[in-house]
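Data first, discussion second: the structure below is written as structure tokens.
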Protein chains: 2
Amino acid sequence: MGVALWRQIADEIRRGIVSGLADADGRLPPESRLAERFGVNRHTVRAAIAALAHEGVLQTAQGRGTYVRQRKRFVYPIGRRTRFSAGLHDQAGATSSTMLETATETARPAVAAALGLLPGASVIRIESLGTADGVPVSRATSWFDGARFSGIADLFARTGSITAALAGCGVTDYRRASTGIEARHADEADTRELHLSAGAIVIVTQALNVDLSERPIQFSTTRFSADRVELIVSSTGLHDAEPQG
Amino acid sequence: MGVALWRQIADEIRRGIVSGLADADGRLPPESRLAERFGVNRHTVRAAIAALAHEGVLQTAQGRGTYVRQRKRFVYPIGRRTRFSAGLHDQAGATSSTMLETATETARPAVAAALGLLPGASVIRIESLGTADGVPVSRATSWFDGARFSGIADLFARTGSITAALAGCGVTDYRRASTGIEARHADEADTRELHLSAGAIVIVTQALNVDLSERPIQFSTTRFSADRVELIVSSTGLHDAEPQG
DNA sequence: GAGGATTTGTGCGTATGTATG
DNA sequence: GCATACATACGCACAAATCCT
């Protein structure tokens, strides 16, 4: 048959998972044992395991073993009033949003354009980590107009809420104007901050929030672990938009 | 040094790409030559290339070589009036939607629930492929109420348009009620139908369309090539939804 | 189109490094 | 310290797809 041996082994392992190949903790037999069992070289088993880890079915840990990954995804709603904690509130016992880092810098062209600022304007960048039930689910980089929101980093650090921080700056309400969505493999930083394993996928959103007078106030890029989060767009109550094309 | 050799090689290749390692067509030197050049085994080069292919930087083709992947993504709008061809119309010279397969079957519970049918109801399943400028960008599986839309497969096959096919069944207009979005690695079928290479990512949407009286008419799962497509949600004109949590 | 050369894909054997318990 | 188990690396050989003559 024309199909590679390691793919066949991967299928066998995949099927084995649902029929007791792993122990009670979800741990697979060691590679060496699997190699014996299937009558192939350990490298071949490793190729199969790498592919399954790749798919998110398995997870390997040096020195500890290979485990079946258990999945349960949070559903993150995207709409006019997208807010991190509120969105996950009914799915998680506890959510948190922590500031990792902040800096004042000159806006990159894309950031300046999104925020409606002049090229080279000063912006505040905030890096934050979102968790639900203690599990990191998203990592965001947000930019704010430095002139208008000078104290926002402190406020966010104290409150753990963008909404509260904006309120402290006089923004009583805001809405999500647009959300771009793409997916890619996690890079080294994603892997570290979100505790992902090799081959993991992140869903990357680029969001623009505007205040009640439609002025841009926040531009952000958020990386969600695709294993832990699913996005949902509810169009309930959407007006007709202009024809798309 | 604590960092694996293949990672170092990957970085060297990555840097090399922007400084003329690849030829005019974006083709890299063969693995054997890279191995010599870096003074490592070909397996080590392969591990590096696999990682970069994984990230979407490179693309390998058996017998042809390894190429730097060029990317230009279509932006697929998701909103109240999401339609395949209209969404890509201003970005592509030509778009098409082709029926690959259709069948009448009893609804799975999830499908029946989404369409508001009784468990075990008869539904029509249509598999289709969406292309833009000749490139496959999405593969969809759609379900329709078999009793209400008995002739829809023929209509879609003839017109290449879900909107036209629905119109032929008396649905003058419809809107997108909700869209779930997740991302995963392409499986074997995705790889084949969308011409993806190993390690590719697909963005998977689960969409529900309803008619003007809010009755569900179409439930579909669409796999987009994450390399070729980016989704965008424009909240322009969104009403307030109920508080999210 | 036939056939050889090129290039990536698969598989095995072996050895050693590194993290865990 | 010691055993276990995954991670990395080399060398060899052949298969499969593509390209070129």
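Just the heavy atoms: all of them, side chains too, but no hydrogens, waters or symmetry mates, feed the values below. Keep in mind that this is a model prediction, so the values were computed, not measured.
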**Q.** Contact list for DNA chain D against residues 29-40 of chain A - heavy-atom distance below 4.0 Å
**A.** A/P30, A/E31
Q | For atom CG of B/L28 and atom C1' of C/dT6, their distance in whole Å | A | 16 Å
Using a cutoff of under 3.5 Å, can you pull out all pairs of nitrogen or oxygen atoms linking the protein to nucleotides 18-21 of chain D, with atom names and distances?
none

**Q.** Presence of salt bridge, A/D25 and A/R64, under 4.0 angstrom
**A.** no
(Q) Quick check on contacts: within residues 18-26 of chain A, what sits under 4.0 Å from DNA chain D by heavy-atom distance? (A) none
Q.
Using whole Å, what does the distance between atom C1' of nucleotide D/dC6 and atom CH2 of B/W6 come to?
A. 14 Å
**Q.** Interatomic distance, B/R7 CZ vs D/dA9 C1' [rounded to whole Å]
**A.** 14 Å
Q) Distance check: side-chain N/O of A/T44 vs OP1/OP2 of C/dT10, anything under 4.0 Å? A) no
Q. In whole angstroms, how far is the C1' atom of C/dC12 from the CD1 atom of A/I9?
A. 13 Å
Q: Send over the distance from A/L5 CG to C/dC12 C1', rounded to a whole Å.
A: 11 Å
(Q) Using the salt bridge (charged side-chain N to carboxylate O under 4.0 Å, His left out) criterion, which residues pair with B/R125? Sequence neighbours excluded. (A) B/E101, B/E105, B/E127
(Q) Taking 4.0 Å as the cut-off, does a side-chain nitrogen or oxygen of A/N41 come that near to OP1 or OP2 on C/dG13? (A) yes
**Q.** Distance-only donor-acceptor check, side chains B/T141 and B/R223, under 3.5 Å
**A.** yes
(Q) Which residues pass the side-chain hydrogen bond (donor to acceptor under 3.5 Å, both in side chains) test with B/R27, not counting sequence neighbours? (A) none
Q. Under 4.5 Å between any side-chain heavy atoms of A/T82 and A/T179, yes or no?
A. no
Q) Counting only side-chain N and O atoms of A/T66, is one of them less than 4.0 Å from OP1 or OP2 of D/dA5? A) no
Q | All salt bridge (charged side-chain N to carboxylate O under 4.0 Å, His left out) counterparts of B/E230, not counting sequence neighbours | A | none
**Q.** Distance in angstrom units between B/R42 CZ and D/dA15 C1', rounded
**A.** 12 Å
Q: Indicate yes or no: at least one non-hydrogen side-chain atom of A/I17 is less than 4.5 angstrom from one of A/L58.
A: yes
**Q.** Residue pair B/P136 / B/L194: nearest heavy atoms and the distance that separates them
**A.** CG-O, 3.6 Å
Q) Does some side-chain heavy atom of B/V233 sit less than 4.5 Å from a side-chain heavy atom of A/I181? A) yes
Q: Please confirm whether any donor atom in the side chain of B/H43 sits under 3.5 Å from an acceptor in the base of C/dG9, or the reverse.
A: no
Q: Please report, rounded to the nearest Å, how far the P atom of C/dG13 is from the CZ atom of A/R46.
A: 16 Å
Q.
What is the distance, to the nearest angstrom, from the CD1 atom on A/I49 to the C1' atom on D/dA5?
A. 11 Å
Q | Sub-4.5 Å side-chain heavy-atom contact between B/T102 and B/F144 | A | no
Q. Short question: side chain of B/N41, backbone of B/H43 - any donor-acceptor pair under 3.5 Å?
A. yes
**Q.** Point-to-point distance, once rounded to the nearest 0.5 Å, from OG of B/S142 to CD1 of B/I124
**A.** 11.5 Å
